[in-house]
Amino acid sequence: MPKIKAYTPAWLSSPSPGYQLFTPNPDDLQNTPSYASIAASAVGPRRTIATRGTEVFIAVGKEIRWADLVYLKERWQEKAAQARGGIHIKREDTDEVDDGDIIRESVESGCAEGFRTIKPAAIGGDIQQLIISPYANFMAILTTHAVRIILLPDPSHLTAPSLDAIKPKSWSLGPATHANDRSPIASVLWHPLGVNGSALVTVTRDAVVRLWELSQKDRWSFDTPTLTIDLKKLADGTSLDQNFSANDVASKGFSPDFFEMEVAAASFAARGSGGWSSMTLWVAMKEGDVYALCPLLPSQWAPPPTLIPSLSISIVGNLAAIEDDPNVSEQAKLLAQQQLDWMSDLDNQEPRIIDGPPGEPPAEIYTRPSRPGIVPRLQGPFILDLGPRNEDDLSVHLTDIYIIGEKLDIDELMFGEDEEVEMEDTEREGLSLSVICLLSSTGQVQVCLDINGTQAQWLPPRNKTKIMGPLVGSSSLLTFSTLDTLHAAEAMETAWPVFSPDVTSRYSFYITHSSAITYVSLAPWIFRLESELQGDSEAGSEFRIHLLVNGQVSARERLYNNPAQGDKQPPLSAAVATRDPDLGYFLLSTTQFEPIALIFDAPEDDFVPIQPTQPSLEQHVEIQPLEFFEPRPVYQPSRAFDESSGLPGFIEQLRTSRHKTIMNQEIRLSPLTLQIFTEAHQILSEETHKLGVAASELFLRCVKLQDELKQQIMKANEVKARVEAITNEDQPEQGEEGGPNNDAIEKRLQNAKEKGEALSRRLENMRKAVNKAMSRELSHKEQEWVKEVKALDAGIYGSASSADGSNRAKQSMERYRKIIELKDELAEQAQTLDAPASEEEDNTSPSKDDLRIPSELRRAKVGQVKSLLERETALIEAVKSRLERLAVVG
């Protein structure tokens, strides 16, 4: 769960240059409609923020603001440091500094402010969405009906000494297809398996899917899609030979399919997902149905290195399992055979190697298989098992869909291989099932699991249509949990909440609504469910899964509350999360006039397994500063204080209208005068009402500020009292002034150290006891070793278990006895030889019998015998001690 450290920082607040990124031009403010009219006119997702590293692109009206957040932050900090160190002279004729003058001064000095303006050509309406390609070289700009692709400029333009607007190279996508007289656009997605991120998928509200393969060298690729699929025709399709492309002329009549199959959103899983997830397009209909298209591929596609081998293992294993099974239906066998034909077409290809984008490895390019067909079967509508049943479901519409693909099974893929696949830790961990999250207009989130696993499916050939018939049964999704992120009073029919991915985990995301921004994490139950699914023991699994489902399964927290209520709520753009060493963990959103930023603590990795470690007092612990304050959003004055009155414009209109003569005459009671006064009263009443609401809000904020200041002072006093209690400064002795005393601190540290040592000793004793209590069966070699030890023990101590000893132990005992006998014999011989030698040394004159053997030779021989005896004695003692140890162990 992210912990908020601060809200919108000073370098993004007024009057900093970063604040100007989000504010519209002064000329456009006069024509800015109200919040209610904006929400009613543009019903759909609002994604006006896109990021490329630390660079941010913000759509404001018909133009795009481009900036580097790190550069803006550093420049603001430098100016703030200079302002504190120098003397600031304020002009008398101006109350505030003009940001345009600051920018021009910085440009004249040779250094820009780190942001520019991009003006794409031929934008008919306000920009609603910005979608950046996977490798950040293209960006799709969406209005309600049109799509324009621009080539993103180089980051060096941000620091160039220029204020001129950038007009990048751009192309209109399908000028005859995506036009104002055609169906509105529901979703635009960059295909995860496109070549260098150049494949684009557009889905319109009338359920038509178009696949575009863009190339800067071929302008025709921006005019005509390579594949067009009408989902309404495909839903009624019976064979592969039918034509499922959309009609060139838009239908103006009414059909039930237009109502039931009105698309709300579409989504792909991530590129690194396992199975068929990365090539499956999930489509959510506004009325609540969910469909899937698998496989949806461009004509030239670049799979990850592990995708094709994993699919090959799955397809071959599935076909081998059901080929000779009489209980498997003919439909399943035909689908398995079609998957095998599809994979065989891939195996027969020789991939083409091309260079990837800067920093990426070379990519293998494959051609889309033509067998069994290029148009897959439309799977669905999926039945949501255990889904919520509410009487108000008819008024609830789906607004967005978010797909988390299944993890790649590395163990099965690399079974028997010595090499290891280089993958990120987040891709190795996770759930072996796909997770489908559905979001409704009331802020309700349904978390569904694809238990059966969506696989590639095609329609049967024409000659097998009657034999196969329609599909038996319908696909289903298991509704694992349902979360409510809004209160009943906050739900609005015109609202369009959307999902936003998180940068720290693929199992967490943000939900942006006009009322609030909410964080949701599925990590608390993902690994517990995966351990149950992959566990070998089935005993008690049903009980544990029941506890998992009924418990607190998902973590959610409301991060931001919109202070405005009702129709006064400005629409929020989809939140965008970024993580950078210079910015930290950063979340950014925007209203029509100002930014909304949240800075979080550095998050802990939810996917790092817990490592058992022994407590140690010598471990280095990073000391964090004490934080006893609560971060609060910065108050931004209402726009009503800055808006100009509409009364001068109304008077100017009267001077140029047909009633201009009455403006120079005396006021007379007439129907025309009443009409003019009534219209003027409407304008003034609306403006005064806005000013009154803004003033009351300011008054309430001032009162709240006093209460917050009191709470802050109380918390500071509590911290002061705790510090004084620790340092013993609050109890001075009689006759002495209160001063710092370290005795109490040293005593507490000594007590803590002793407790830590006692815990360490207790843990060590427990570990020894557990090791002794743990018992396991002995291996064959260990049993033979025990028998040998017992046999040696019987030979040495005369134990009764000598009959069970092995031959090797008996041989060792015989050798030991022989060594003992040899020792005694050699000892006797040494004594007999040592006695005459000692007598000979004592006599001064040797006898005649001893003249035959010289004394030097005799002493040398005796010395050799003694050394041999010492060696034998040491050897015998070592053997004896080892046997005693073995007997003790046995």
Side-chain angles (χ1 to χ4, degrees), residues 14 22-44 46 60-62 95-96 124-128 143-145 180 184 395 441 488-496 513-515 562-573 590-594 635-703:
S14 179
F22 305 88
T23 57
N25 295 325
D27 298 337
D28 298 336
L29 287 176
Q30 301 294 334
N31 301 324
T32 301
S34 63
Y35 301 143
S37 60
I38 293 175
S41 60
V43 177
R46 178 177 168 83
V60 181
K62 298 182 181 180
D95 295 335
E96 59 182 9
D126 290 343
I127 299 174
Q128 300 297 325
T143 61
T144 55
H145 290 79
N180 292 332
S395 60
S441 57
E490 296 174 340
M492 296 185 298
E493 296 182 359
T494 57
W496 197 279
H513 188 269
S514 298
S515 300
N562 196 338
Q565 299 294 331
D567 294 339
K568 301 298 180 182
Q569 289 181 349
L572 299 181
S573 176
T590 179
T591 64
Q592 191 183 7
F593 302 104
E594 60 189 10
Y635 170 71
Q636 295 291 344
S638 175
R639 295 292 305 178
F641 294 135
D642 299 330
E643 291 179 355
S644 59
S645 175
L647 191 60
F650 175 70
I651 296 175
E652 189 64 27
Q653 290 180 359
L654 289 177
R655 294 183 184 277
T656 57
S657 65
R658 59 191 180 121
H659 306 300
K660 59 182 179 181
T661 56
I662 199 175
M663 298 299 299
N664 299 324
Q665 298 178 359
E666 295 180 359
I667 299 177
R668 298 179 180 178
L669 299 179
S670 64
L672 180 59
T673 303
L674 179 62
Q675 178 183 355
I676 294 174
F677 274 43
T678 303
E679 294 177 359
H681 179 267
Q682 292 177 353
I683 297 175
L684 287 177
S685 62
E686 183 178 357
E687 293 178 354
T688 53
H689 176 71
K690 290 181 179 179
L691 290 173
V693 172
S696 62
E697 182 182 355
L698 178 59
F699 175 77
L700 294 176
R701 294 287 297 189
C702 292
V703 173

What donor-acceptor contacts under 3.5 angstrom involve side-chain atoms of residues 672-683, with partners at least two apart or in another chain?
residue, atom, partner, partner atom, Å
T673, OG1, R668, O, 2.8
T673, OG1, S670, OG, 2.9
T678, OG1, L674, O, 2.6

Nearest heavy-atom pair of [X] and [Y]: which atoms, and what distance?
X    : Y    : result
E490 : H513 : O-CE1, 3.6 Å
P571 : S514 : CA-OG, 4.0 Å
E687 : G646 : OE2-N, 2.5 Å
F641 : A695 : CZ-N, 3.9 Å
L572 : R46  : O-CD, 3.9 Å

**Request:** Report the residues that fulfil side chain to side chain donor-acceptor pair (under 3.5 Å) with T590, sequence neighbours left out, ordered by chain and then residue number.
**Result:** none
**Asked** What residues form a side chain to side chain contact (heavy atoms under 4.5 Å, CB included) with D126, not counting sequence neighbours?
**Response** K62, Q128
[atom2] on [Y] to [atom1] on [X], rounded to 0.5 Å:
X    : Y    : atom1 : atom2 : value
L691 : L698 : CG    : CG    : 12.0 Å
S685 : K690 : OG    : NZ    : 10.5 Å
N180 : T144 : CG    : OG1   : 6.5 Å

**Heavy-atom side-chain proximity of P24 to F593 below 4.5 angstrom** = yes
**Message:** Has E594 got a side-chain atom pairing as donor or acceptor with T23's backbone, closer than 3.5 angstrom?
**Reply:** no
